[in-house]
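All remarks here apply to the structure that follows.
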Amino acid sequence: MKILIVYATTEGQTRKIARACADTLVGAGHSVELVEAPGDAGLGVARHDAAILAASVHMGRYQEEMARFAAAHAEDLAARPTLFLAVSLAAAGTDATEHADLDRIAQDFFAKAGWQPTRIAQVAGAFRFTQYDFFKSWAMRWIAAQKGESVDPHADREYTDWAALRALVLDWAAAAEAHPA
Ligand SMILES: Cc1cc2nc3c(=O)[nH]c(=O)nc-3n(C[C@H](O)[C@H](O)[C@H](O)COP(=O)(O)O)c2cc1C
C-alpha cells in the first residue's frame with residue numbers, strides 16, 4: 001500500500017513514533033510518505049491507500065496544526081483506512097479518570113474534525129526535559145511528583161512501548177489491506 005503518515009509534535013516524541021511507524025511499514029513492503037502537519041499545500045491524502053495521523057496531548061488538546069489538517073482532509077480520510085495515534089503521558093499510567101479524559105479529548109477532536117478514524121490507539125509518550133524551558137521543566141517535575149515518579153530533570157524518560165507500537169501498526173496495515181474501505 002501507499003501509506004501517508006502525518007504527525008504533529010511539540011517536543012519531538014511523536015516525530016520519533018511516526019518515524020518508527022514509517023520504518024516498520026517500509027520493512028513490511030509498503031511505501032510511506034512521512035510529513036509534519038500541516039504539510040505541503042499540495043499534499044494529497046487521496047493519492048494514498050491508507051493514512052496514519054499522530055499527535056500529542058498538551059494541556060488536554062492535540063496540536064492545532066493537526067486539528068486543521070484533519071478538518072481540511074476529513075472527506076478523503078473517511079474514504080480510506082486510517083489510524084490515529086494519540087500520544088500522551090497519561091497513556092503510560094493506569095488511572096481510569098485520566099484514561100477517560102484521553103478518550104474524551106480524542107472524541108472531541110474527531111467530532112470537531114468531522115472524521116472518525118478506523119482505529120485509534122493511545123500511545124505513551126515521554127518526559128523530554130532536554131527540550132523544556134524553565135517553566136515547562138518546573139511544571140513537568142511537579143506533574144511527575146504528583147504521580148509519585150522520581151525523574152531526573154536533566155534527562156529524558158521514554159515510556160513508549162516500541163514493540164507494541166510496531167505490532168499495532170502491522171496489525172492495522174494488514175486489516176487495511178484486507179478491507180481497503
Ligand atoms: C506543557 C505540557 C503539557 C502537557 N499536557 C499533558 C496533558 O494534558 N495530558 C497528558 O497526558 N500529557 C501531557 N503532556 C505530556 C506529553 O503529551 C508527552 O510529553 C508527549 O510525549 C509529548 O509528545 P511530543 O514530544 O511529540 O510533543 C504534556 C507535556 C507538556 C510539556
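Note that ligands are numbered from 1 as they come in the structure, with each ligand's atoms numbered from 1 the same way. Counting begins at 1 with the first residue of the sequence.
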In a table with atom names and distances, give each donor-acceptor pair under 3.5 Å that connects a side chain of residues 165-174 to protein atoms at least two apart or in another chain.
unit_1, atom_1, unit_2, atom_2, d
D171, OD2, R119, NH1, 2.8
D171, OD2, R119, NH2, 3.1
W172, NE1, T82, O, 3.1

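- Scanning for salt bridge (Lys or Arg N to Asp or Glu O under 4.0 Å) contacts around D108 gives R104, with sequence neighbours left out.
- A pairwise comparison of heavy atoms in Y62 and A86 identifies OH-CB, 3.4 Å as the closest pair.
- Residue pairs satisfying the salt bridge (Lys or Arg N to Asp or Glu O under 4.0 Å) criterion with at least one member in residues 132-141, sequence neighbours excluded, are listed as follows: E11-K136.
- Residues lining ligand 1 at a heavy-atom distance below 4.0 Å are given as T9, T10, E11, G12, Q13, T14, S56, V57, H58, M59, G60, V87, S88, L89, A90, G125, A126, Y132, K136, M140, ordered by chain and residue number.
- The backbone N or O of T130 sits less than 3.5 Å from a side-chain atom of D156, completing a donor-acceptor pair.
- Side-chain contact between T94 and H99 is absent, with no heavy atoms from C-beta onward closer than 4.5 Å.
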